[in-house]
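Protein chains get the first letters and strands the later ones, always in sequence-line order, with residue 1 at the start of each. Predicted model, so just to flag it, every value in this text is computed and none were measured.
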Number of protein chains: 2
Amino acid sequence: MVTIYDIAAQAGVSAMTVSRVINNTGKISDKTRAKVRRVMEELNYVPNHMARSLVLQQSKLLFLLITDITNPFYTTLARGAEDAAKKQGYRLLFGNSDENAEKEKDYVDTILSTRADGVLVAPAGDASLSHLESLRRHNVPFVLLDREVPGMDSDVVLGDTKEGARKLVDHLTSLGHRRIALINGLPAISSARLRLEGYREALKLNDLHYDEQYVLESAFEPKSDLSDIESWLDSMDPPPTAIVAGNNVLAVEVIRTLHGRGIRVPDDLSVVGFDDLGPYSEIDPFLTVISQQAYQFGYLGMQMLIERIEERDSLPQPWRRIVLPAELIVRRSAAQLPFS
Amino acid sequence: MVTIYDIAAQAGVSAMTVSRVINNTGKISDKTRAKVRRVMEELNYVPNHMARSLVLQQSKLLFLLITDITNPFYTTLARGAEDAAKKQGYRLLFGNSDENAEKEKDYVDTILSTRADGVLVAPAGDASLSHLESLRRHNVPFVLLDREVPGMDSDVVLGDTKEGARKLVDHLTSLGHRRIALINGLPAISSARLRLEGYREALKLNDLHYDEQYVLESAFEPKSDLSDIESWLDSMDPPPTAIVAGNNVLAVEVIRTLHGRGIRVPDDLSVVGFDDLGPYSEIDPFLTVISQQAYQFGYLGMQMLIERIEERDSLPQPWRRIVLPAELIVRRSAAQLPFS
DNA sequence: ATAAAAAATGTTATCGATAACATCAAATTA
DNA sequence: TAATTTGATGTTATCGATAACATTTTTTAT
């Protein structure tokens, strides 16, 4: 590979002069600047970012860790983060943890050893605490997205999840439903806990009592094995007339399972969920959901992150917490109960 | 940040000894190995990948460039690439070019200056040629995915696109359709060209004549402005009874536009497309498509890439070309014509 | 014209790690 | 036991770039 020394030799100057031309620092005569530029072109010079970062002690490289690259919520979020990063002159790379704290840890190691300037993390769950402590210990700024991790203070962008859960339940009760089930993410994820809370509060406000049998806690990620959903559906007695799903993946799994049993949605059973199904849901606007501003999660989170990075030397600001609203989008997957 | 020198000092050995412990090279007594390990733990040592890559001249870092991170075809592909990379001990980072050759160029610059060991590229189009030449010139191995670029020989993983287009047209004709339109990607993308070819061949084989007015070439990416689709729909006379869409995004756009006009799919007009709509399409299996093995694109491409990287010193092998089959999945978006 | 200031360029050390070679002590062999 | 091998560790140079300081050249001021 061509280095600044090759250029320096070819142009008859010192490496430092080449470095100055590249970075537009110091004083350089127009003549040598032109000559150096020309040689750089001729030799197809590409700067070595690693060597550069090694001495500068900063990489202008940021990372975004998401938990499911096939989930439109996260990919939309990624677009927002990307746009904000580009605007500020940072490069952004993505990592996909697959809802798996182990994989996430590997990415954190990569991030630490790549000496990234900062990270945007949608943590896999409470078990992420140890990696986040690792980032903190090594002084790598990070902003949490969508989920909090108990025991770790930081900047964070959240959705108004509890309120979202309430709205969904309210919507269902307004349609006459009284036996409303919840299929939720694992309790090791903060957003799942809030959804359960919101669900319970809304039940109470609607004078419905909370019944444990109507709640299933399942992993957020798509799996081939739907047997726990199957047995849960069998177990509820009397069966619910509506189901709230804790995220888009679970909504899909539930509906698939129901279809497999010949149960029609919403005719036989209503289903509502969290997060849109991506642009493709527009083909046939079906699922009634709480829509979160996915793009904003990424955009605002990235802005906060970069502010943290650049204010590093000044005295530390208090942690910031952005809560984005949750909007109910009524479509067709929840129906009025006939006899209510 | 803690370096091997800090560890060396603390453990009372030389930096080289620490390096040996880290890499398990050379001979080290159990006693010092244990001591060094202990100090590394205590100080939370994390190796600096940049310094390491600088001397080793390899980074064990690979990149995947895709053109649309919100498209399930590419995210599924990404999962495959990720799995294959991990299996071989490489780290994988993602970049999103947004179907934009300029953004793609920025990523290529990043890749070059990061001294990545190789790249998997789904090129934005024929205009990608110059960046690919840049990669080639700098001796960075790459494998193309899904699209070829004229003028650039390389390893490549393709779908059997032309055959796919034929199957779609055959399916429609078997349902009685004779006026079949095509909304396709821009001709600057190789896969779009093949789809057009396949479409024309299939028409001929079915004794239908090719009529230019039934073909629209549009950008693959999602846009807010649907006016060209609108005017195209208006212009066709007599209107088609079926539309083939060149990819999933276009299929969605067309169906949205049709819905906006009160035209029902498939009752009033049939629509078929390329590529699945992700896991979410399973809620309501609607769109009849040619399904490509997205995961395999990524997995096999990554395997080829790594083989290239690791065989680098031995004599060069001829370029390889993998063509993955295209499977027709009949769902509900194309209907039998009543009067045929 | 000459000192002083400013501009242009060069030298050396450094970032954190590893390769290649050097050294020293312990173990083995003759 | 002296000679030799082997094991364990240390030293130095290097990867490609930049900061800090040093030097040379040019310009400006007196």
Side-chain angles (χ1 to χ4, degrees), chain A residues 1-37 39-40 43-61 109-117 138-140, chain B residues 1-37 39-40 43-61 109-117 138-140:
Chain A
M1 279 267 191
V2 178
T3 72
I4 53 169
Y5 297 97
D6 301 321
I7 312 241
Q10 185 83 20
V13 297
S14 75
M16 199 54 221
T17 300
V18 177
S19 174
R20 289 194 181 99
V21 171
I22 294 171
N23 297 291
N24 258 310
T25 53
K27 325 235 171 204
I28 306 239
S29 71
D30 293 344
K31 205 181 64 203
T32 52
R33 191 199 320 279
K35 197 195 321 169
V36 169
R37 287 249 170 81
V39 176
M40 277 171 41
L43 302 189
N44 290 306
Y45 172 74
V46 176
N48 185 323
H49 230 280
M50 301 183 141
R52 191 158 196 279
S53 305
L54 195 57
V55 22
L56 291 185
Q57 300 285 37
Q58 58 142 322
S59 58
K60 285 273 173 183
L61 239 196
D109 285 346
T110 294
I111 287 165
L112 286 172
S113 52
T114 309
R115 300 296 191 267
D117 290 346
H138 290 286
N139 214 23
V140 178
Chain B
M1 279 269 191
V2 178
T3 73
I4 53 169
Y5 297 97
D6 301 321
I7 311 237
Q10 185 81 20
V13 297
S14 75
M16 199 54 222
T17 300
V18 177
S19 174
R20 289 194 181 99
V21 171
I22 294 171
N23 297 292
N24 258 310
T25 52
K27 324 234 171 207
I28 305 235
S29 72
D30 294 344
K31 204 181 63 200
T32 52
R33 191 197 321 278
K35 197 195 320 167
V36 169
R37 287 248 169 83
V39 175
M40 277 172 41
L43 303 190
N44 290 304
Y45 171 73
V46 177
N48 185 323
H49 234 281
M50 302 183 141
R52 192 159 195 277
S53 305
L54 195 57
V55 22
L56 292 185
Q57 299 285 39
Q58 58 142 321
S59 59
K60 285 274 174 184
L61 239 196
D109 285 345
T110 295
I111 287 164
L112 286 171
S113 53
T114 308
R115 299 296 191 265
D117 291 345
H138 289 287
N139 214 25
V140 178

Check if the side chain of Arg115(A) and the base of dG16(C) share a donor-acceptor pair of N or O atoms closer than 3.5 Å.
no
Between Asn23(B) and dT18(C), does any side-chain N or O lie under 4.0 Å from OP1 or OP2?
yes
With a 4.0 Å cut-off on heavy atoms, is Thr32(A) in touch with a base, just the backbone sugar-phosphate, or nothing at all?
sugar-phosphate
Taking the side chain of Arg20(B) as its heavy atoms from C-beta onward, which of dA17(C), dT9(D), dA19(C) lies nearest to it?
dT9(D)
Rounded to whole Å, how long is the line connecting atom NE2 of His49(B) with atom P of dA17(C)?
11 Å
Specify the residue among Ala51(B) and Asp30(B) whose closest nucleotide of DNA chain D lies further upstream toward the 5′ end.
Asp30(B)
Nearest to side-chain heavy atoms of Thr17(B), which nucleotide of dT18(D), dG10(D), dG16(D):
dG10(D)
Output the rounded distance in Å from CZ (Arg52(A)) to P (dA19(D)).
8 Å
State whether Tyr5(A) places a side-chain N or O below 4.0 Å from either non-bridging phosphate oxygen (OP1 or OP2) of dT18(D).
no
Lys31(B) and Lys35(B), any side-chain heavy atoms less than 4.5 Å apart
no
Just wondering, do Tyr45(A) and Ile4(A) contact through their side chains at under 4.5 Å, heavy atoms?
yes
Under 4.0 angstrom, heavy atoms only, what part of the nucleic acid is Val18(B) near: base, sugar-phosphate, or nothing?
nothing
For Asn24(A) and dT9(C), give me the distance from atom CG to atom P, rounded to whole Å.
14 Å
Starting at CD of Gln58(A) and ending at C1' of dT18(D), how long is that distance when rounded to a whole Å?
12 Å
Using side-chain heavy atoms (C-beta onward) and a distance below 4.5 Å, is Asn44(B) in contact with Val2(B)?
no
Nearest-Å distance, CD1 (Ile4(B)) to P (dT14(D))?
18 Å
Please pick, from dT18(C), dA17(D), dA8(D), the nucleotide with the shortest atom-to-atom distance to any side-chain atom of Ser29(B).
dA8(D)
Given atom CG of Leu54(B) and atom C1' of dT14(C), what is their separation to the nearest angstrom?
12 Å
Taking only side-chain N and O atoms of Ser19(A), does any of them lie within less than 4.0 angstrom of OP1 or OP2 on dT18(D)?
yes
I need the CD-P distance between Gln57(B) and dA17(C), as an integer number of Å.
17 Å
OP1 or OP2 of dA8(D) under 4.0 Å from side-chain N/O of Lys27(B)
no
Please report, rounded to the nearest Å, how far the C1' atom of dT23(D) is from the CE atom of Met16(A).
15 Å
On a heavy-atom basis, which atom in Ser59(A) and which in Met50(B) lie closest, and how many Å separate them?
CB-CE, 4.1 Å
Out of Val18(B), Val13(B), Thr17(B), Val36(B), which residue meets the side chain to side chain contact (heavy atoms under 4.5 Å, CB included) rule with Ile28(B)?
Thr17(B)
Would you say Ser14(B) places a side-chain N or O within less than 4.0 Å of OP1 or OP2 belonging to dG10(D)?
yes
